[in-house]
Protein chains: 2
Amino acid sequence: MYVTRKADYAIRCVLYLAKNTGRITSVDEISNAMYVPKSFLAKILQCLMKAGIVSSTRGIKGGFQLAKEPKDISLLEVIEAIQGPSAANICAIDKRMCSLSGRCTVHPIWVKIRKKVEQELKKQNFAKLAKKR
Amino acid sequence: MYVTRKADYAIRCVLYLAKNTGRITSVDEISNAMYVPKSFLAKILQCLMKAGIVSSTRGIKGGFQLAKEPKDISLLEVIEAIQGPSAANICAIDKRMCSLSGRCTVHPIWVKIRKKVEQELKKQNFAKLAKKR
DNA sequence: TTAAATAGGACTATTTTGGTCTTATTTTAT
DNA sequence: ATAAAATAAGACCAAAATAGTCCTATTTAA
């Protein structure tokens, strides 16, 4: 389980929106506030749309909002929206990816670690994160 | 914290050596037994040498052995020998890698997860792993 | 109808990964 | 001595992933 820069940007973006609920926020504003390249951020927001995390309003005065309450969005959810499922070792996602085809004594450890990490990331929601300073 | 194929190969390799202590094992043998490309494995063994995990004997009848007892080699050690320090998010390794420079409410979470995962990987040693089947 | 915003697809440069290949050097056995 | 079999080390390379940009719609408020 590692977080690409893209996913990191996505997290910042959702965090900013969580701190600015109740209004529509433009890509430009988020980009400036969170130091994310604007056109890249636009792409990232499309992923977050597909995942149902944000909703968009087109046209002038358009922009983005969270599609759910901050407390109902977990870190894990945002990361997976960008990267898909991930783990410390691919074999923990799909046994077939291992040429030892899971007959390996190390395999259960990757599965265990994956579970632990996902648990932790699921616990963290954006209401919590937006409140901290 | 994610494990590249190279590190995964390294783990298999150390595991094989842990199951075959008390003799010198050639790259060729390990390569065949563990399904790792031979010339790539040779490189990997150089890394494990530098890290003091294996020792080599040159010349005909040469090969590799573990440089320490299996119980004193952890999974974490092998992974770091190949990949260097790693974490779910680079900012957990070096705050400066984050453009928000650690003034970010998510940062402590990455640090926490890194600690948890490293703890787990440190607990796992190759005496344990070689015994399982 | 224009300006400012998102939508979406094509494209691209850089870095990382996952190797190979070649040329030493070492050591044992003949 | 020398041939054979092993590691040592460095250069090299291809493919995939990452980290974006750019351009052309389309939408909508003023």
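A, B, ... follow the sequence lines: proteins, then strands. Residue 1 opens every chain. The basis for the numbers below is simple: all heavy atoms, side chains too, and nothing from hydrogens, waters or symmetry mates. Computed from a prediction, not measured in an experiment: that's the story for all the values here.
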Looking at [X] and [N], is any side-chain donor or acceptor paired with a base atom of the opposite kind under 3.5 Å?
X       : N      : answer
B:Lys6  : C:dG19 : no
B:Lys61 : D:dA5  : no
B:Arg58 : C:dT25 : yes
B:Lys43 : C:dG18 : no

Give the nucleotide from the list [options] with an atom nearest to the side chain of [X].
X       : options                : answer
B:Met49 : D:dT21, D:dA8, C:dT17  : D:dA8
B:Ser56 : C:dA3, D:dT7, C:dG18   : D:dT7
B:Pro37 : D:dG20, D:dA19, C:dG19 : C:dG19

Euclidean distance, atom [atom1] of residue [X] to atom [atom2] of [N] [Å, nearest integer]:
X       : N      : atom1 : atom2 : result
A:Ile90 : D:dA17 : CD1   : C1'   : 13 Å
A:Ile60 : D:dT28 : CD1   : C1'   : 8 Å
A:Phe64 : D:dT27 : CZ    : P     : 15 Å
A:Leu48 : C:dA7  : CG    : C1'   : 15 Å
B:Phe40 : D:dA9  : CZ    : P     : 17 Å
B:Leu45 : C:dG18 : CG    : P     : 17 Å
B:Ile44 : C:dG19 : CD1   : P     : 8 Å
A:Ile82 : D:dT18 : CD1   : C1'   : 13 Å

* Asked: Are A:Arg23 and A:Glu29 within salt-bridge range, i.e. N to O under 4.0 Å?
  ->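 Salt bridge between A:Arg23 and A:Glu29, a charged N being under 4.0 Å from a carboxylate O: yes.
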* State plainly whether the residues B:Lys116 and B:Glu120 are in salt-bridge range, i.e. N to O under 4.0 Å. =>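 Here B:Lys116 does not pair with B:Glu120 in a salt bridge, since their nearest N and O are not under 4.0 Å apart.
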* Check every strand shown and say whether A:Gly59 touches a base, only sugar-phosphate, or nothing at a heavy-atom separation below 4.0 Å. =>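 The answer is base, as A:Gly59 lies within the cut-off (heavy atoms under 4.0 Å) of a base atom.
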* Asked: Relative to the 5' end of DNA chain D, which residue comes earlier, A:Thr57 or A:Ala7, by the nucleotide with the nearest heavy atom?
  ->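 It is A:Ala7, whose closest nucleotide lies nearer the 5' terminus.
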* Between B:Gly63 and A:Ser39, which is nearer to the 5' end of DNA chain D once each is assigned its nearest nucleotide? ->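 Mapping each residue to its closest nucleotide by heavy atoms, the 5'-most match is B:Gly63.
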* Asked: What are the two closest non-hydrogen atoms of A:Ile113 and A:Ala88, and how far apart are they?
  ->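 In this case the closest contact between A:Ile113 and A:Ala88 is CG2-CB, 4.5 Å.
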* Least distance between heavy atoms, B:Ile11 atom then B:Phe126 atom ->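 Heavy atoms only, the tightest pair is O-CE2, 3.6 Å.
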Respond yes when some side-chain nitrogen or oxygen of [X] is under 4.0 Å from OP1 or OP2 of [N], and no when none is.
X       : N      : answer
B:Gln46 : D:dA9  : yes
A:Tyr9  : D:dA19 : no
A:Tyr2  : D:dT18 : yes

* In Å and rounded to the nearest 0.5 Å, what is the CE to NZ distance from A:Met34 to A:Lys19? ->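 Output value for this atom pair is 6.0 Å.
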* To do: Report the distance from atom OG of A:Ser26 to atom CD1 of A:Ile60, rounding to the nearest 0.5 Å.
  =>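 Result: 11.5 Å between the selected atoms.
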